[in-house]
There are 2 protein chains.
Amino acid sequence: MSWRYALKSYITNPETVDDGAVIFFNDEVTIIRDSFPKSECHLLVLPRSKQLSRGHPTSTIDSKFKNNFGPYVDSAINYVFKHFQDKFQVKKSDQDMKTEWDESVLKNKDIFVNKFLQIGIHSVPSMANLHIHVISRDYHSVRLKNKKHYNSFNTEFFIDWDDLPLNKNTLGKDKDIETKYLKNHDLVCCYCHENFGNKFSSLKKHLELEFNNHFEFK
Amino acid sequence: MSWRYALKSYITNPETVDDGAVIFFNDEVTIIRDSFPKSECHLLVLPRSKQLSRGHPTSTIDSKFKNNFGPYVDSAINYVFKHFQDKFQVKKSDQDMKTEWDESVLKNKDIFVNKFLQIGIHSVPSMANLHIHVISRDYHSVRLKNKKHYNSFNTEFFIDWDDLPLNKNTLGKDKDIETKYLKNHDLVCCYCHENFGNKFSSLKKHLELEFNNHFEFK
DNA sequence: TATTCCGATAGTGAC
DNA sequence: GTCACTATCGGAATGAG
Ligand SMILES: Nc1ncnc2c1ncn2[C@@H]1O[C@H](COP(=O)(O)O)[C@@H](O)[C@H]1O
Ligand SMILES: Nc1ncnc2c1ncn2[C@@H]1O[C@H](COP(=O)(O)O)[C@@H](O)[C@H]1O
Ligand SMILES: [Zn+2]
Ligand SMILES: [Zn+2]
């Protein structure tokens with residue numbers, strides 16, 4: 001079986017997968033922790049229906065789909081929020097200045113979701129089984145190892161759940177999308193918007209600083 | 001002072017340079033071993049006149065220049081021939097087949113020069129002080145580290161002393177020459193003409209074999 | 001087409 | 001998609017009263 005089907009067993013037999021990734025399943029969905037999380041908390045929501053699973057997300061995720069799976073996405077959101085709350089707290093700035101990054105980010109779920117969570121899909125998924133990413137916007141992870149990883153979540157390559165279904169599918173060819181957003185797009189810090197060009201190593205070090213400036217272990 | 005003038009002290013004060021590179025100098029020329037030799041034996045002949053030294057080789061090396069410096073080039077050739085003779089001998093092939101690579105290469109200077117020596121210049125020199133390369137055609141050297149190094153001696157980027165002065169300077173822009181010959185030109189073995197494409201590492205290993213198949217230490 | 005260091009880019013085979 | 005490995009390609013600094 002091709003690597004494109006690495007997620008398949010999570011929907012065919014979630015009860016027998018023993019890698020500890022599954023956090024919820026019923027007849028309709030499986031929710032897992034991504035095995036190669038690109039942030040502190042990175043979940044995938046997978047519809048179990050073969051029909052839905054093999055569809056391309058941009059054409060499959062319509063309002064009916066959203067109505068049906070919205071609650072499961074919400075539950076993934078709740079999980080991430082809780083997990084982050086349990087593990088981290090907002091760091092008090094030395095300067096004690098009033099910023100957007102006050103404690104409310106980890107106290108108020110709506111603020112957390114708006115400022116610090118990404119829910120959506122990749123324009124060109126690699127994994128064949130349809131999945132929705134629910135990922136915290138810290139990008140503080142040893143699994144985040146190259147430009148493609150970062151830009152797949154931090155450019156228009158990432159399509160927000162709220163923007164689905166797309167009014168009109170204006171996406172180009174897969175190769176063109178990848179070239180434009182994953183290869184040629186500058187690396188831009190998601191905290192402060194500093195532009196790092198192609199310097200992934202510099203961005204990595206910077207993300208480490210950003211994370212440690214904003215959060216600390218409880 | 002810029003790295004482009006790394007050769008300057010060899011012509012301004014050859015008597016005080018103490019790196020052991022200088023093998024001959026008089027009022028007109030300095031002859032040195034290249035500090036980063038790309039073959040077993042790699043010399044540079046440098047006119048000491050400021051006027052000549054700052055000229056571009058393709059416009060400066062005319063018949064008058066050649067008459068004047070030909071003898072020094074010859075002396076560099078003699079040095080390389082002698083050095084190679086002293087250090088190496090042609091290896092007897094197991095198959096004992098009659099090839100061009102018989103012992104005459106290291107016994108007859110004319111054959112050595114014709115088959116195994118390159119005398120000339122780079123189309124686009126990096127070093128600002130005019131210099132003529134006299135280099136054995138083995139390319140067996142730890143200093144030969146990349147495609148540019150190899151192709152600068154094994155494509156038309158290298159202009160033979162015998163072809164100077166050029167009838168007509170049909171060279172393009174420096175950048176274009178560099179792209180065409182150093183970057184885009186395939187790597188081709190100078191012994192057997194096998195094409196290695198961009199695989200410099202493969203060529204390196206092959207050159208090691210070629211050298212050891214043709215020569216051995218005395 | 002200076003060297004050297006460091007890192008970005010790219011292809012491979014395997015899982 | 002992952003990893004590990006190898007190797008190619010690419011920019012930046014290079015100096016120093
Ligand atoms: N073998 C695997 N098991 C579980 N998840 C994986 C595996 N390989 C890749 N992934 C994740 O699957 C996701 C696929 O994302 P996508 O680019 O949308 O197809 C990525 O976030 C990967 O980290
Ligand atoms: N610092 C140096 N001292 C002596 N020779 C050098 C130095 N740097 C480079 N070279 C050599 O100078 C030559 C310049 O060749 P060119 O490409 O014709 O300018 C090359 O063969 C280099 O190996
Ligand atoms: Zn930042
Ligand atoms: Zn060969």
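As a basis for the values below, the full set of heavy atoms in this structure was taken, side chains included, without hydrogen atoms, waters or symmetry mates. Per chain, numbering begins at 1; letters A, B, ... match sequence-line order.
- Distances shown here put every side-chain N or O of A/S201 at or beyond 4.0 Å from the OP1 or OP2 atom of C/dC6.
- Between A/K145 and D/dC3 there is a side-chain N or O to OP1 or OP2 distance below 4.0 Å.
- Within the 4.0 Å cut-off from OP1 or OP2 of C/dA2, not a single side-chain nitrogen or oxygen of B/R143 is found.
- Here A/H149 lies in heavy-atom contact (under 4.0 Å) with sugar-phosphate atoms only.
- Taking atom NZ on B/K175 and atom P on D/dG10, their separation rounds to 11 Å, with Å as the unit.
- Aromatic rings from B/Y150 and B/Y139 are positioned such that their centres are separated by under 6.0 Å.
- Atom pair B/K147:NZ and D/dC9:C1' shows a separation of 10 Å (rounding to whole Å applied).
- Here B/K38 lies in heavy-atom contact (under 4.0 Å) with sugar-phosphate atoms only.
- Contacts of A/R4 with the nucleic acid, taken as non-hydrogen atoms under 4.0 Å apart, are absent.
- Checking A/N26 against A/Y72 by side-chain atom types alone, a donor-acceptor pair falls below 3.5 Å.
- Rounded to whole Å, the separation between the C1' atoms of D/dC5 and C/dC15 comes to 15 Å.
- A/K148 places its NZ atom 13 Å from the C1' atom of C/dA8, with the value rounded to the nearest Å.
- Ion pairing between A/E178 and A/K175 holds under the 4.0 Å rule for side-chain N and carboxylate O.
- With hydrogens and angles left out, the side chain of A/W3 and the base of D/dT2 share no donor-acceptor pair within 3.5 Å.
- With B/E40 as reference, B/K87 is the one residue of B/R143, B/K87, B/R137 to meet the salt bridge (charged side-chain N to carboxylate O under 4.0 Å, His left out) rule.
- Residue contacts for A/K204: at a heavy-atom cut-off of 4.0 Å it reaches no nucleic acid atom on any strand shown.
- Separation of atoms CZ (A/R33) and CG (A/D19) is listed at 11.5 Å; rounding is to 0.5 Å.
- For the pair A/N198 CG and C/dA10 P, the computed distance is 10 Å after rounding to whole Å.
- Every stem involving DNA chain D, taken as at least 3 paired positions in a row under the Watson-Crick or G-U wobble test at 3.5 Å, is listed here: C:2-14 with D:2-14.
- When rounded to the nearest whole Å, the span between CZ of A/F36 and P of C/dC15 equals 14 Å.
- Residue B/F200 is classed as a sugar-phosphate contact, given heavy-atom separations below 4.0 Å to backbone atoms only.
- In this structure, B/D34 contributes its side chain and B/F36 its backbone to a donor-acceptor pair below 3.5 Å.
- Dashed line: the shortest gap from a side-chain N or O of B/K183 to OP1 or OP2 of D/dG10 is under 4.0 Å.
- Rounded to the nearest 0.5 angstrom, B/L46 CG and B/T30 OG1 are separated by 6.5 Å.
- To the nearest whole angstrom, the two C1' atoms, one in D/dG17 and one in C/dA2, are 27 Å apart.
- Which of C/dT4, D/dA7, C/dA8 sits closest to the side chain of B/K205 comes down to D/dA7.
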